[in-house]
Amino acid sequence: MDDDAALGAELAAMVAGARRRAVRDGDRQIDTAHLLHSLLEHDPEARAVVGGPPQLARLLGYLVQRSIGYGLRWQGSVEDSGALAVLPTTAVPGAREPRDTAGWSPAAAAALADARERARLRGEPRATGVDLLAALTADPGSRAAEVLERAGIRDLDTRIAGGAEECAGDGEPVH
């Protein structure tokens with residue numbers, strides 16, 4: 001199966017956006033923070049799970065600061081939290097690594113593989129943005145998890161499991 005077909009048009013566009021962001025920022029690899037930033041720009045369902053306008057503004061503010069603020073310490077280093085085990089592609093019949101993960105951090109490649117696996121376990125042919133958000137939050141040592149924590153966004157795994165309706169009616173997430 002073609003990688004873009006396994007992702008679907010929406011996530012393929014999001015991955016392309018993350019790739020452009022990494023190049024523009026002068027980063028050697030696409031990392032989980034690039035994926036999170038691009039996901040929030042492209043996927044309204046993922047934004048709804050994250051929270052209302054105050055949470056999104058705070059989170060996007062941290063993501064924008066990565067190239068001028070605290071994210072500078074990430075430049076020149078490879079993101080590999082080691083928290084997610086990456087199964088060899090031979091462990092899953094018919095599975096293979098995405099053809100373009102050579103330019104990805106190990107944590108970002110693992111998150112994308114995890115998103116695909118989440119879709120597969122649901123019986124879906126394509127991963128969704130919420131699948132990717134769940135995969136990004138599953139690795140507490142990733143850059144995406146660090147940004148979410150700094151922005152004060154917690155318990156996303158609970159909200160993802162329950163869907164966007166876990167957010168309170170006023171746009172504030174339930175913690």
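Rounded to the nearest 0.5 Å, atoms CG (L11) and CG (L39) are 7.0 Å apart. Taken from CZ in R116 to CG in L121, the straight-line distance is 14.5 Å, to the nearest 0.5 Å.
Considering only heavy atoms from C-beta on, L36 comes within 4.5 Å of L133 through its side chain. Side-chain atoms of E10 and H42, non-hydrogen and from C-beta on, never get closer than 4.5 Å to each other. Here the side chains of P106 and Q29 are in contact, with some heavy-atom distance below 4.5 Å. Looking only at side-chain heavy atoms (C-beta outward), E45 and T128 stay at 4.5 Å or farther from each other. Between W104 and V15 the shortest side-chain heavy-atom distance falls below 4.5 Å. The shortest side-chain heavy-atom distance between Y62 and R150 falls under the 4.5 Å cut-off.
Panel note: side chain S38, backbone L35; no donor-acceptor pair is recorded below 3.5 Å. With hydrogens and angles disregarded, a donor-acceptor distance shorter than 3.5 Å links the side chain of D139 to the backbone of G141. Under the 3.5 Å distance criterion, the side-chain polar atoms of H34 are matched with a main-chain donor or acceptor of D31. At distances below 3.5 Å, not a single donor-acceptor pair connects side-chain atoms of R143 with backbone N or O atoms of T32. A donor-acceptor distance shorter than 3.5 angstrom exists from the side chain of R47 to the backbone of L40, with no hydrogens or angles considered.
A pairwise comparison of heavy atoms in R122 and R126 identifies NH2-O, 4.2 Å as the closest pair. Residue A115 comes nearest to A135 through the heavy atom pair N-CB, 3.8 Å, listed as atom of the first residue, atom of the second, then distance. Nearest heavy-atom pair, L136 versus S142, reported as atom, atom and distance to 0.1 Å: O-OG, 3.5 Å. Residues M14 and L132 share a closest heavy-atom pair of CE-CD2, 3.1 Å. L156 approaches V49 most closely through the heavy-atom pair CD2-O, 3.6 Å.
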Yes or no on side chain to side chain contact (heavy atoms under 4.5 Å, CB included) for V147 and H37, after CA distance, side-chain angles and deciding distance? CA-CA 10 Å; V147 172; H37 199 160; over 6 Å; no

Take D114 and R118, measure what salt bridge (charged side-chain N to carboxylate O under 4.0 Å, His left out) needs, and give me the verdict at the end. CA-CA 6 Å; D114 183 31; R118 288 169 186 270; 3.1 Å; yes

Side chain to side chain contact (heavy atoms under 4.5 Å, CB included) between R154 and L148, worked out: CA-CA 7 Å; R154 296 174 185 86; L148 287 162; over 6 Å; no

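Ion pairing between R21 and E41 holds under the 4.0 Å rule for side-chain N and carboxylate O. Using a 4.0 Å cut-off between charged side-chain N and carboxylate O, D155 and R159 make no salt bridge. With respect to the salt-bridge test (charged N to carboxylate O, under 4.0 angstrom), the residues E124 and R120 do not qualify.
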